[in-house]
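First comes the structure, then the notes that go with it.
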2 protein chains.
Amino acid sequence: MMATTAKNAKRTAARAQRRQQLIDATVKCIARKGLGSTTTADVARQAGLSQGIVNLHFKSKDNLLSETLRYLADEYKTQFNLAVENSGPAASDRLRALMELDLRPSICDRDKIAVWFAFWGEVKSRPRYREICEKSDEYYDEVTRRLCDEIIAAGEYPGVSGIAVATVLTSLTNGLWLACLVNASSFDREQAMGCIDEYLNCIFPKHFPVRVL
Amino acid sequence: MMATTAKNAKRTAARAQRRQQLIDATVKCIARKGLGSTTTADVARQAGLSQGIVNLHFKSKDNLLSETLRYLADEYKTQFNLAVENSGPAASDRLRALMELDLRPSICDRDKIAVWFAFWGEVKSRPRYREICEKSDEYYDEVTRRLCDEIIAAGEYPGVSGIAVATVLTSLTNGLWLACLVNASSFDREQAMGCIDEYLNCIFPKHFPVRVL
DNA sequence: TATAAAAATGAATGAGTATTCATTCATATT
DNA sequence: AATATGAATGAATACTCATTCATTTTTATA
């Protein structure tokens, strides 16, 4: 008979580890060669494993790609939640921590951004990708909106819409990522953060006073 | 001998027309199936022509795709310049015309946006794509910045940077396009324009007073 | 109209790639 | 140690797709 506890735990752990190894390899390949030119053989080679490994663990390439996107979304969500939790209790501190997160070197990195855009580029024709992205976006928008509403209530900002500000902030960071991807040479993280601060100061002056350099 | 005038003119016109027909077909295919799943046979079928036609007119698929991107960039530039020229002489009118352009139904259309993102998704691994996109971006940024600087000078807005505002505006519209692509159901062009107006009102209050509905 | 030139066709080619699967290898259980 | 089980391999398979090119069709000139 099988000792389903210790035994299986180890087995499934090893299995999960290998899946992660393949997902990591996939991310690297997409960053380097693009989604369109990434083959299962590339992924296997990058992972230091053999041909058939992708289909063994993910059933199909399609599935591997979906799972990779799902992983990226989860990974970002974790960072996102961490950023909120680890920052000061004030809503304004939390909001700024989120903005800082998006421009942090480990996230606002050309390789990483290239992978996000690779998936976004296929969103229209791949319902699965869209579902994953949409679900994530809803969450971020909701959290950001709540923070904005809190600030608006506390600061008595008349005529400012929390939804609108949240939409501006998330769209703005996505747009800045594109600038980082396309205009790599002229893009400057500092300057990008400056844009965001200028906006925050403008919309919530009481909470985001001009930063003296 | 050859009548190089009338004769060749007609020939090259026909040739250009066929190329355009193929580029249009390519755009349609990318919008429907995505860049990764668009084959030369798809494009030919969409254009109502035969297998070999793409290689006959574009030499290679790669070339067809680059030319398609170039065409899209040119097409947008034309609209962009038109929007500037056709709007009131004041810099603020021109700036708002540019924002309206990006959210105009014919441009802020899921199919069109999907094509842009398809190319952006490959920018990192395709230098040719990047060159085309970067060159366009520089132009738009420059024009937008000039308008912003003009407004800043006229309105005596202290501590507002034209470059920063221009960056915010172009990044914001690109980010709003992503929202349109991903969150198709909840995204609303009206609301997006509202976000932009709120921003403009906030940063340049004298030039963009609150719009009464 | 006859002839030359260009454009277009579409079957054939072959390079590339996802997937399969018989076999080997590693590990755990008895 | 012997056996069973899951993991991994990598050669073989089946298939897709960009590209080629011999042939046909269209168009323009003489």
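Chain letters run A, B, ... following the sequence lines, proteins first and then strands; every chain starts at 1. Because only heavy atoms are used, hydrogens play no part in the values below, and waters and symmetry mates are left out as well, while side chains stay in. What you are looking at is a predicted structure, and each value in this text was computed from that prediction instead of being measured.
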Enumerate all atom pairs, one protein N or O and one N or O from nucleotides 22-25 of chain C, separated by less than 3.5 Å.
none

For [X], enumerate each residue passing the ring pair (Phe, Tyr, Trp, His ring centres under 6.0 Å) test, keeping only those at least two apart in sequence or located in another chain.
X	answer
B/F187	none
A/F58	none
B/Y71	none

Whole-Å distance separating the CG atom of B/L49 from the P atom of D/dA18: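 Computing the B/L49:CG to D/dA18:P distance gives 16 Å.
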d(CD, B/Q17; P, C/dA7) in whole Å: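 For the pair B/Q17 CD and C/dA7 P, the rounded distance is 13 Å.
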Residue list, side-chain hydrogen bond (donor to acceptor under 3.5 Å, both in side chains) with A/Y140, at least two apart or on another chain: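 By the side-chain hydrogen bond (donor to acceptor under 3.5 Å, both in side chains) rule, A/Y140 matches no residue at all.
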Results of side-chain hydrogen bond (donor to acceptor under 3.5 Å, both in side chains) for B/D149 - residues two or more places apart only: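 Per chain and number, B/D149 pairs via side-chain hydrogen bond (donor to acceptor under 3.5 Å, both in side chains) with B/R145.
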Test side chain to side chain contact (heavy atoms under 4.5 Å, CB included) applied to B/R130 - qualifying residues, sequence neighbours left out: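 So B/R130 forms a side chain to side chain contact (heavy atoms under 4.5 Å, CB included) with A/R110, A/A184, B/V123, B/E134.
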Residues touching DNA chain D, which here means a heavy atom under 4.0 Å, drawn from residues 50-61 of chain A: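 Hits under 4.0 Å, by residue number: A/S50, A/Q51, A/G52, A/I53, A/L56, A/H57.
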Residues within residues 20-46 of chain A bordering DNA chain D, heavy-atom distance below 4.0 Å: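 Correct list: empty, so none.
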SB check A/D109 A/R104 (cutoff 4.0 Å):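 A salt bridge is absent here (no side-chain N lies under 4.0 Å from a carboxylate O).
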Under 3.5 Å, which donor-acceptor pairs link side chains of residues 42-57 of chain A to any protein atom two or more places apart or in another chain?
| residue | atom | partner | partner atom | Å |
| --- | --- | --- | --- | --- |
| A/D42 | OD1 | A/K33 | NZ | 3.4 |
| A/D42 | OD1 | A/R45 | NH1 | 3.4 |
| A/D42 | OD2 | A/K33 | NZ | 2.9 |
| A/D42 | OD2 | A/T39 | N | 3.0 |
| A/D42 | OD2 | A/T39 | OG1 | 3.1 |
| A/Q46 | OE1 | A/R32 | NH2 | 2.6 |

Salt bridge (charged side-chain N to carboxylate O under 4.0 Å, His left out) partners of residues 50-73 of chain A, not counting sequence neighbours, each pair once: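 Pairs touching residues 50-73 of chain A that pass the test: A/R19-A/E67, A/D62-A/R126, A/E67-A/R70.
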Phosphate-side-chain proximity, A/R15 and D/dA7, N/O vs OP1/OP2 below 4.0 Å: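 Yes, within the criterion.
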Below 4.0 Å: OP1/OP2 of D/dA7 and any side-chain N or O of A/R18: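 For A/R18, the contact criterion (side-chain N or O under 4.0 Å from OP1 or OP2 of D/dA7) is not met.
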Ring pair (Phe, Tyr, Trp, His ring centres under 6.0 Å) contacts in which one or both residues fall within residues 118-138 of chain A, not counting sequence neighbours: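 Qualifying pairs: A/W116-A/W120, A/F117-A/W120, A/F119-A/Y129.
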